[in-house]
Amino acid sequence: MPPTGLEPARMNRKKGDKGFESPRPYKLTHQVVCINNINFQRKSVVGFVELTIFPTVANLNRIKLNSKQCRIYRVRINDLEAAFIYNDPTLEVCHNESKQRNLNYFSNAYAAAVSAVDPDAGNGELCIKVPSELWKHVDELKVLKIHINFSLDQPKGGLHFVVPSVEGSMAERGAHVFSCGYQNSTRFWFPCVDSYSELCTWKLEFTVDAAMVAVSNGDLVETVYTHDMRKKTFHYMLAIPTAASNISLAIGPFEILVDPYMHEVTHFCLPQLLPLLKHTTSYLHEVFEFYEEILTCRYPYSCFKTVFIDEAYVEVAAYASMSIFSTNLLHSAMIIDETPLTRRCLAQSLAQQFFGCFISRMSWSDEWVLKGISGYIYGLWMKKTFGVNEYRHWIKEELDKIVAYELKTGGVLLHPIFGGGKEKDNPASHLHFSIKHPHTLSWEYYTMFQCKAHLVMRLIENRISMEFMLQVFNKLLSLASTASSQKFQSHMWSQMLVSTSGFLKSISNVSGKDIQPLIKQWVDQSGVVKFYGSFAFNRKRNVLELEIKQDYTSPGTQKYVGPLKVTVQELDGSFNHTLQIEENSLKHDIPCHSKSRRNKKKKIPLMNGEEVDMDLSAMDADSPLLWIRIDPDMSVLRKVEFEQADFMWQYQLRYERDVVAQQESILALEKFPTPASRLALTDILEQEQCFYRVRMSACFCLAKIANSMVSTWTGPPAMKSLFTRMFCCKTCPNIVKTNNFMSFQSYFLQKTMPVAMALLRDVHNLCPKEVLTFILDLIKYNDNRKNKFSDNYYRAEMIDALANSVTPAVSVNNEVRTLDNLNPDVRLILEEITRFLNMEKLLPSYRHTITVSCLRAIRVLQKNGHVPSDPALFKSYAEYGHFVDIRIAALEAVVDYTKVDRSYEELQWLLNMIQNDPVPYVRHKILNMLTKNPPFTKNMESPLCNEALVDQLWKLMNSGTSHDWRLRCGAVDLYFTLFGLSRPSCLPLPELGLVLNLKEKKAVLNPTIIPEAIGNQEAAINPSSHAQLVGFQNPFSNSQDEEEIDMDTVHDSQAFISHHLNMLERPSTPGLSKYRPTSSRSALIPQHSTGCDGTPTTKPQWSMELARKGTGKEQSPLEMSMHPVAAAPLSVFTKEPASSKHSDHHHHHHHEHKKKKKKHKHKHKHKHKHDGKEKDKEPFSFSSPASGRSVRSPSLSD
Amino acid sequence: MADTAATAGAGGSGTRSGSKQSTNPADNYHLARRRTLQVVVSSLLTEAGFESAEKASVETLTEMLQSYISEIGRSAKSYCEHTARTQPTLSDIVVTLVEMGFNVDTLPAYAKRSQRMVITAPPVTNQPVTPKALTAGQNRPHPPHIPSHFPEFPDPHTYIKTPTYREPVSDYQVLREKAASQRRDVERALTRFMAKTGETQSLFKDDVSTFPLIAARPFTIPYLTALLPSELEMQQMEETDSSEQDEQTDTENLPLHISTDDSGAEKENTSVLQQNPSLSGSRNGEETVIDNPYLRPVKKPKIRRKKSLS
């Protein structure tokens, strides 16, 4: 239908017609991909593609295709050489290196660049000129065959090579390669129309080493040896029209397992893992059965393949008729914890086979339908497999997640509509990235997008019933499968593409219901609803007066108008009320059914018809209300903050049968640390019928309550006696029974309880000795010899428990953290950690869970000042070659160290890894962790924040990550977190820079900025500094008073003052200030050290300062200026400061002290100039605990 | 002569004294009797008119006398027992003497002879106090069927069985304690050894020996060690599988077991797994039936086919 052009197409879409017009002036019907040669050694690929296209317009003279990374040798159209141009604007987003460094600018440029090659807009990186000889041919709209020879050398994205460096052939080494990427990323490894909306049939050929297997989409037609018999060629045919973005490949020396239940399903794994593969996939057929049953539709492809590979890009990636999984999902029968996770991954991938692979989407704005449906049917599978409790728990979890994310970032829009008008151009202006393209999306946003999509599907189900919902799915699938069996007809194949309008039309056809308001609220609009509820009971009218307020002004919120279900549990039973939330109505009167309580003996009926006895003594005698729930079915994407009395929460926890309600009440009870709450929680903990996850969260709540009640708490530490009763021997209560994890509920509880117990604190805010001993005993007596299951997760959690028990070290002196002053409890903990970590080397646990926990625990010890803070250990574990979980845990510690110790060196190390690590997932994860735990943020001054870093990150996102959308978006996220949307504050203002250059090449503006910078920086330390400081705030404030008095009695020492005057003046002198961009924030520090060198008598003073800065290393003054203020308040002393001199110099203290005072006085003078920000700094110089004290006290006694 | 006797005597007494010193009460008694007999022999010799006698002859005579008297005693005992008595009577002695060819009638006269020498009674040495045997507990009285004349029961400790071997520790607590500390010791020793013999890392810069961490060593194929169960675990699994019944006997675990025997889907699954090998095993036989493209043989290159065609 060439004459229809683009306009009618858009009209069609609006009308909800299922017709789909391609944005391209041609239609692809068939594509051949042939990879002749794969070289693992050189990591290169050579091959060709052949696209069969039908022009749809007469004057087609240029054909745009997608291709990245590939080197294209030759393009022929119908055997005629064709000229081509390759232009990829995304390689470098911002050209001509302007000094622009603001993220707004970048995001716009990036969106524009992605648009420029977006296949959905008819664009592409590769532009092929149709040879003039063919123009006539084209005018007749006859078929064109485009043959492109290409090669790929050391691809950085799209295809990932894993080549272990051991002896032997590639097959023996377990070398493999697989395709990967975020959304449509097929263009990274062969030229194609990389769109989900351009379907065609496929012929795929891969010639590989004879010992290797090539797994790809569609049916394996035959495998043929090459002439030299050293290689074989795998021929695949995919007759079902499929988008290029759903094409995948995995080549490796795989072990092959034909599913014993379904012979058309084949599983592949890396050598030696076959037993694990057998176990892991033994369950898959049930998932198949489930989906086929609910969708009343056979699995659309004639075969299915699962491939488990190492260094996976994502845990699960679904492609047409095959899914690629991380090999780390494989597990043996002994592993409990991984089993449900892996099964969920399998089920997820299978759901996406139906919706996502088989049924594709028309455009990016229809993505939510696919993610929504696949997520929704996956949810149904969860409900069937793990039960309603698990399902509801999961829904609540997902709801909480999306609500938290939207409130934080300001909304997730499922169905963005673009191109209407300019004002609508950016429907997500609150975000630092464009949501026009999948490739510009932050990964986190995309995750949340998927989460919201399936929740909205559930809302639709609530409205139209599950039966209709499944009918709609079935309709979509059967239309698609009819279409797929047709020979090429452009119109028919578009039936396999889903669009929002088509989907909605199906819904209205099938159900006859109008869900437009729902769609408008949740799909066309971003934001969630925030309810605040409170109530009063009017006794005279016997009416419950419910007040429901909404916050719809904060970012990420929206106004809700419509029905809202409220469930009221009264004495006479549970009653549902549907309130109409309207514009101005806040108050809702709900008539109550029961008149207070007349017959006390009566059992109380619950929602589920069950009747229970309750002890009603706790409740208000005048009110028949037991508890109230707002939107109990989670049929609004909302956050509810509801106020009701503590006893109501307790009743809700004990008697409400819905796990979500139980969890809500547990959360609410945290605010009511009373014996009654304690009892309610303990009862829940003991109740075996109660859902195990509820019991687990009750543990943590109980720990919190116990801590709030610490002064009135009676009896043994919370949960101890319970644990003893449940898991310890009857005869010797201090010894835990030999492990038996046959009951998973008890297993999870047994794992969790000690972790929660370790959070208990006594009046001194220390973990009670009894608890620590208890946990150590658990570890000591842990005996897994007779257990059917591995106890690696259990042991790992015991280490987590040990880590949880660690409290900040009380530093008596500014001493270096050594073994000698190690707290005896910590010594015991370290003993265990050392042993566990070492045993892991000899007897590694599954997924090295124990190593991971040990590394985390060591970081906790470091952070709390028990062990010298040092990233070296973590860096060694973060190296390539360790198991990925270990690496991530180690990297997390390094990221944390970078933040706490403000280490420029480690930050550079991390950035270097982001650029060079062989594993894409690790690179992504580092960025992700840096974003979550940033070394500094945009509102904060930090010595790390300098121009070099800005340039580095800018380069990273501008050009360094062009091979991986996800990575680039991660870099953008990090840049946003560190510097915000506008120009980073640490850069010199461009205009001023000019002025300065014109002048004397010295930064004259600096005197006003430096002190502020310093002040900010100090302020910045405050929040990030360790909680332990809090404990020292009070002593400090006292001491400052003392100090003020002291200052009056100071003898003046002119020389001393002038010396310091000089020093303090220096930052504002022009001479120094030209170094400002890198070092001025630290300007004070070098002076400190010079002070240190110059005037030995002041050492104690300086040493305190330095200790606070805690670099832990000996540093020359120069170095100090480069890495200043690594503010680990607890950490180590610099070597130089004369802690040993303290004793020798007692007689000097008086004198010294006064000098010190003078300096302070001095600072005070300057403070006025410096905008008073120094003040923030001062507390710090004494916050370093007792040394300040020890220095001071002699002088006081004098 | 006297010299020789003296020397002999000296020699004899020397050896004797040597033996005397290491005497026991029985020896003492023996010596005392012998001394008395010697006195008797000597007085008889004096009676017979000898003024002196060689030591050896005295000894010989003493020996003879002793033998004679012993014989009388033995014989008398036999006679007395012959008549079912335990105490010899005079008549027993008489019969004995008669039997030995001794004219009993001469005996009174001989006893009353005038020139007889009266030997002073040997000095009453205190009955050597036999150290009282340890009496542990009361001697048991005879049970009624044993006549009272029978010797008393010995001390109870001589026949009451008191087993002295150390009881094997069967206390659950101690066992667990022991197993735990044993394992811990082994693990610690092993890891320390490994740490000593290889590279280490330390949490403390100043001290590398107290908490030595075996250095992290990257693997070439990290997922293998991470995913595959260790040999120990495999072994354990086999053991627990085979001894599933034994496991139930662990009393401490028993209640837990009972309550969880009907555990959920997971268990089902594990049983599925256990079936699995057999399933796939049985399928191995009919593998030819399975039409899976990945199991099909790899075809020969077409060129060859062409050749055969041509």
> Tell me the closest heavy-atom pair linking Phe883(A) and Ala226(B), and the distance in Å.
CD1-CB, 3.3 Å
> Out of curiosity, Thr210(B) OG1 to Leu830(A) CG, how far, rounded to the nearest 0.5 Å?
10.0 Å
> What part of Glu832(A) lies closer than 4.5 angstrom to a heavy atom of chain B: side chain, backbone, both or neither?
side chain
> Could you state the interatomic distance from CG (Asn292(B)) to NZ (Lys305(A)), rounded to the nearest 0.5 Å?
10.0 Å
> Looking only at heavy atoms, which two atoms of Glu222(A) and Lys299(B) are closest? And how far apart?
OE1-NZ, 2.7 Å
> Any donor and acceptor pair, going by atom type alone, linking the side chain of Asn838(A) with main-chain N or O of Pro212(B) inside 3.5 Å?
yes
> Between atom CG of Leu843(A) and atom OG1 of Thr225(B), what is the distance when rounded to the nearest 0.5 Å?
12.0 Å
> Between Arg296(B) and chain A, which part of the residue has a heavy atom less than 4.5 Å away: side chain, backbone, both or neither?
side chain
> Could you tell me if the side chain of Pro229(B) sits less than 4.5 Å from the side chain of Leu276(A), heavy atoms only?
yes
> What part of Val265(A) gets closer than 4.5 Å to chain B, counting heavy atoms only: side chain, backbone, both or neither?
backbone
> Select one option (side chain, backbone, both, neither) describing which atoms of Thr220(B) are under 4.5 Å from chain A's heavy atoms.
both
> About how many Å separate CZ of Phe254(A) and OH of Tyr294(B), when rounded to the nearest 0.5 Å?
10.5 Å
> If we ignore hydrogens and angles and just use 3.5 Å, is the side chain of Arg176(B) paired with the main-chain N or O of Val736(A) as donor and acceptor?
yes
> In terms of heavy-atom pairs under 4.5 Å, which option from Asn782(A), Asp219(A), Val884(A), Thr233(A) contacts chain B the most?
Asn782(A)
> Under 4.5 Å from any heavy atom of chain B, what part of Ser165(A) do you find: side chain, backbone, both or neither?
both
> Where on Asp870(A) is there a heavy atom nearer than 4.5 Å to chain B: the side chain, the backbone, both, or neither?
side chain
> To the nearest 0.5 Å, how far apart are CD in Gln272(A) and OH in Tyr223(B)?
7.5 Å
> Walk me through whether Leu227(B) and Arg847(A) qualify under side chain to side chain contact (heavy atoms under 4.5 Å, CB included).
CA-CA 6 Å; Leu227(B) 300 179; Arg847(A) 288 192 80 154; 4.1 Å; yes
> Quick one: side-chain hydrogen bond (donor to acceptor under 3.5 Å, both in side chains) pairs with a partner in residues 874-883 of chain A, sequence neighbours left out?
Glu311(A)-Tyr880(A), Lys841(A)-Tyr877(A), Lys875(A)-Glu906(A), Ser876(A)-Gln201(B)
> Is it the side chain or the backbone of Thr851(A) that comes within 4.5 Å of chain B heavy atoms, both, or neither?
neither
> What heavy-atom pair brings Pro301(B) and Thr226(A) nearest, and what distance separates the two atoms?
CG-O, 3.6 Å
> The test is side chain to side chain contact (heavy atoms under 4.5 Å, CB included); show your working for Ile214(B) and Leu837(A) and say whether it passes.
CA-CA 8 Å; Ile214(B) 301 173; Leu837(A) 198 53; over 6 Å; no
> Chain B heavy atoms under 4.5 Å from Glu831(A): which part of the residue, side chain, backbone, both or neither?
both
> Report the C-alpha distance between Gln173(B) and Ile735(A) in whole Å, list the side-chain angles of each, state the deciding distance to 0.1 Å, and finish with yes or no for side chain to side chain contact (heavy atoms under 4.5 Å, CB included).
CA-CA 7 Å; Gln173(B) 181 172 358; Ile735(A) 296 180; 3.7 Å; yes
> Go through the atoms of Asp885(A) and report whether side chain, backbone, both or neither lie under 4.5 Å from a heavy atom of chain B.
neither
> Under 4.5 Å heavy-atom distance to chain A, tell me which part of Ala179(B) shows up: side chain, backbone, both or neither.
side chain
> Quick check: closest heavy atoms across Glu177(B) and Tyr781(A), and the distance to 0.1 Å?
OE1-OH, 2.8 Å
> For Ala214(A), is it the side chain, the backbone, both or neither that has a heavy atom under 4.5 Å from a heavy atom of chain B?
backbone
> Identify which part of Phe874(A) has an atom lying under 4.5 Å from any heavy atom of chain B, answering side chain, backbone, both or neither.
neither
> Please determine, among Leu273(A), Val166(A), Leu330(A), Ile779(A), the option with the most heavy-atom pairs under 4.5 Å with chain B.
Leu273(A)
> Look at His848(A), Lys232(A), Lys780(A) and state which one has the largest set of heavy-atom pairs under 4.5 Å with chain B.
Lys780(A)
> Tell me which of these, Thr266(A), Val213(A), Leu873(A), Asp783(A), has more heavy-atom pairs under 4.5 Å with chain B than the rest.
Thr266(A)
> Tell me, side chain or backbone of Val221(A) under 4.5 Å from chain B's heavy atoms, or both, or neither?
backbone
> Looking at Gln745(A), Arg835(A), Arg827(A), Arg173(A), which makes the most heavy-atom pairs under 4.5 Å with chain B?
Arg835(A)
> To the nearest 0.5 angstrom, please state how far the CD1 atom of Ile858(A) sits from the CG atom of Leu203(B).
5.0 Å
> Could you have a look at Leu270(A), Thr849(A), Ile833(A), Ile886(A) and say which one has the most heavy-atom pairs with chain B under 4.5 angstrom?
Leu270(A)
> Enumerate by number any residue of residues 188-196 of chain B whose heavy atoms lie under 4.5 Å from heavy atoms of chain A; in the absence of such residues, state 'none'.
Arg188(B), Leu190(B), Thr191(B), Arg192(B), Met194(B)
